Amino acid sequence: MKLDILAITAHPDDVELGCAGTLLAQMALGKKVGIVDLTRGELGTRGTPEGRIQEAADAANVLGISVRDNVGIADGFFANDEAHQKAIIPYIRKYQPDIVITNAFDDRHPDHARGGKLVSDSCFYSGLRMIETFDSEGNKQEAWRPRLVFHIIQDRYIKPDFVVNITDFHEQKVEAIRAFKSQFFNPDYDENSNEPQSYISSPEFLNFIIARAQEMGHAIGVKYGEGFTTTRMLGVQDLSSFI
């Protein structure tokens with residue numbers, strides 16, 4: 001299945017927090033999108049790896065995304081090296097996305113910056129035909145390099161290179177975030193859990209995510225937005241496309 005956009009991020013829930021609104025907006029335009037999580041988030045303070053996989057599936061259902069894979073590399077202990085690049089390249093070649101969205105290039109959680117660089121480099125190496133990879137049935141895959149790689153903005157503020165208007169999709173984005181019941185504020189989960197509170201499980205964290213979307217939206221004159229960075233210059237064909 002060829003996709004227009006593939007979001008590849010370190011943890012289940014990174015996509016929901018950083019670019020779910022953008023994926024929804026692009027789907028509304030007829031684009032085919034998918035998600036690949038690098039890890040199961042097994043080092044998270046709350047929840048279990050199995051539970052987070054189910055939560056990721058629940059969030060995908062909220063978003064209406066049928067394609068969501070998990071590479072299964074080790075949370076917290078992956079590196080930007082040959083072995084991990086070769087674990088990711090098959091997914092890029094499988095879905096042949098024109099655009100890849102990945103983690104922030106700098107953030108509070110070290111997995112995010114490392115994951116963003118790992119995915120970005122994997123996108124480049126995926127275009128080299130001398131690197132051989134095979135699909136799940138043992139067939140040799142063709143080389144494929146996405147045209148563009150964009151980075152989301154996560155906990156730390158980074159000045160965006162562009163902002164996407166997600167006003168019509170913000171409520172659905174928040175609903176998808178809430179599907180991760182073990183990770184974010186959920187009174188019902190907290191009452192039945194002996195797990196400690198975490199940095200992201202307080203009501204204030206979700207309020208911060210909403211405020212960030214308002215801040216990004218305000219910058220472009222809309223209610224809610226999501227910001228992105230890119231390492232290459234972007235070009236436009238139609239000046240009327242700007243907000």
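Keep in mind that the numbers below use all heavy atoms, side chains included, and drop hydrogens, waters and symmetry copies. Starting from 1, each residue takes its place in the sequence as its number. These numbers were taken from a predicted model, which means no experiment stands behind them.
- Side-chain contact check for Phe162 versus Thr229: every heavy-atom pair is 4.5 Å or farther apart.
- Side-chain heavy atoms closer than 4.5 Å link hydrophobic residues (I, L, V, M, F, W, Y) into clusters, and following such links, even through other members, never connects Phe228 to Val149.
- By the 4.5 Å heavy-atom criterion applied to side chains, Lys32 and Val67 are not counted as neighbours.
- The aromatic rings of Phe208 and Phe205 sit tilted, their planes meeting at an angle between 30° and 60°.
- Proximity of a side-chain donor or acceptor of Trp144 to a complementary backbone N or O of Ile92 within less than 3.5 Å is not detected.
- Of the residues Gln141, Lys86, Lys94, the one that meets the side-chain hydrogen bond (donor to acceptor under 3.5 Å, both in side chains) test with Thr133 is Gln141.
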Assess whether side-chain contact (heavy atoms from CB on, under 4.5 Å) is satisfied between Ile5 and Met27, documenting all intermediate values.
-> CA-CA 10 Å; Ile5 303 169; Met27 290 168 62; over 6 Å; no
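- Looking at Arg145, its side chain never comes within 3.5 Å of a backbone N or O of Ser126 through a donor-acceptor pair.
- Ile152 and Phe105 are assigned to two separate hydrophobic clusters, defined by single-linkage of ILVMFWY side chains at heavy-atom distances under 4.5 Å.
- A salt bridge between Asp37 and Arg68 is present, with a side-chain N of the basic residue lying under 4.0 Å from a carboxylate O of the acidic one.
- The pair Asp135-Arg93 fails the salt-bridge criterion, with no side-chain N (NZ, NE, NH1 or NH2) lying under 4.0 Å from an Asp/Glu carboxylate O.
- With respect to Lys181 and Asp58, no salt bridge is recorded, no charged nitrogen being found less than 4.0 Å from a carboxylate O.
- Leu118 and Val71 fall within a single hydrophobic cluster, where Ile, Leu, Val, Met, Phe, Trp and Tyr are joined by side-chain heavy atoms under 4.5 Å apart, directly or via other members.
- The neighbour count for Tyr157 OH, taken as heavy atoms of other residues, nucleotides or ligands under 6.0 Å away, is above 12.
- In this structure, Asp238 and Ser240 approach most closely via the heavy-atom pair OD1-OG, 2.6 Å.
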For the pair Tyr125 and Ile89, evaluate side-chain contact (heavy atoms from CB on, under 4.5 Å) and give the outcome as yes or no after the intermediate values.
-> CA-CA 8 Å; Tyr125 291 127; Ile89 289 172; 3.9 Å; yes
Please walk me through it: do Glu195 and Thr45 pass side chain to side chain donor-acceptor pair (under 3.5 Å)?
-> CA-CA 8 Å; Glu195 296 174 318; Thr45 301; over 6 Å; no
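- In the displayed structure, Lys2 atom NZ is contacted under 6.0 Å by more than 12 heavy atoms of other residues, nucleotides or ligands.
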Stepwise, does the side-chain contact (heavy atoms from CB on, under 4.5 Å) test hold for Ile210 with Gln214?
-> CA-CA 6 Å; Ile210 295 171; Gln214 291 174 321; 4.3 Å; yes
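- Residues Leu6 and Ile101 have side chains not in contact (no heavy-atom distance under 4.5 Å, counting atoms from C-beta outward).
- The main-chain N or O of Asp75 is found under 3.5 Å from a side-chain atom of Glu42 such that the two form a donor-acceptor pair.
- Residues Cys19 and Ala7 share a closest heavy-atom pair of SG-CB, 4.2 Å.
- Contact detail for Ala176 and Leu63: the closest heavy-atom pair is CB-CD2, 3.7 Å.
- Between His170 and Tyr224, the ring planes lie parallel to each other; the angle is under 30°, not in the 30° to 60° tilted range.
- Residue Val164 is grouped with residue Val174 when hydrophobic side chains (ILVMFWY) are merged at heavy-atom distances under 4.5 angstrom, including chains of intermediate members.
- Linking Ile, Leu, Val, Met, Phe, Trp and Tyr residues whenever their side-chain heavy atoms come within less than 4.5 Å places Tyr95 and Val119 in a single cluster.
- Identified under the salt bridge (charged side-chain N to carboxylate O under 4.0 Å, His left out) test for residues 165-174, with sequence neighbours left out: Lys173-Glu226.
- Partner of Asn103 under the side-chain hydrogen bond (donor to acceptor under 3.5 Å, both in side chains) criterion, out of Arg114, His11, Gln154: Gln154 alone.
- Under the side-chain contact (heavy atoms from CB on, under 4.5 Å) test applied with Phe150, the options Thr102, Val100, Leu234 reduce to a single match, Leu234.
- Side-chain atoms of Thr22 and Ile166, non-hydrogen and from C-beta on, do get closer than 4.5 Å to each other.
- Side chain of Asp4 to main chain of Val33: no donor-acceptor pair is present (N/O by atom type, distance under 3.5 Å, no hydrogens or angles).
- Relative to the six-membered ring of Tyr199, Arg108 meets both conditions, a distance below 6.0 Å and an angle of at most 45° to the axis.
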Could you walk me through whether Asn80 and Gln85 pass side chain to side chain donor-acceptor pair (under 3.5 Å), step by step?
-> CA-CA 7 Å; Asn80 185 11; Gln85 290 158 4; 2.7 Å; yes
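- In this structure, CD1 on Ile73 lies 4.5 Å from CG on Leu38, to the nearest 0.5 angstrom.
- Between Asp13 and Phe180, some side-chain heavy-atom pair lies under the 4.5 Å cut-off.
- Formation of a donor-acceptor pair under 3.5 Å by the Gln183 side chain with backbone atoms of Arg46 is found in this model.
- Between Asp98 and Pro146, every side-chain heavy-atom pair lies at or beyond the 4.5 Å cut-off.
- Screening Asp69, Ile8, Asp14, Leu23 for a side-chain contact (heavy atoms from CB on, under 4.5 Å) with Ile35, the sole residue that qualifies is Leu23.
- Looking only at distances, a side-chain donor or acceptor of Asp107 sits under 3.5 Å from a matching main-chain atom of Arg156.
- Here the closest heavy-atom approach between residue Gly34 and residue Ile65 is recorded as CA-CG2, 4.1 Å.
- Under a 4.0 Å N-O distance rule, the pair Glu175/Arg178 does not qualify as a salt bridge.
- Residues Pro203 and Phe185 meet the side-chain proximity criterion, which asks for heavy atoms closer than 4.5 Å.
- Within the 3.5 Å criterion, the main-chain N or O of Ala10 finds a donor-acceptor partner in the side chain of Thr39.
- In this structure, the side chain of Glu55 engages the main chain of Ser182 through a donor-acceptor pair within 3.5 Å.
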How far apart are the C-alpha atoms of His109 and Asp155, what are their side-chain angles, what is the distance that settles it, and do they pass the side-chain contact (heavy atoms from CB on, under 4.5 Å) test?
-> CA-CA 8 Å; His109 197 309; Asp155 189 76; over 6 Å; no
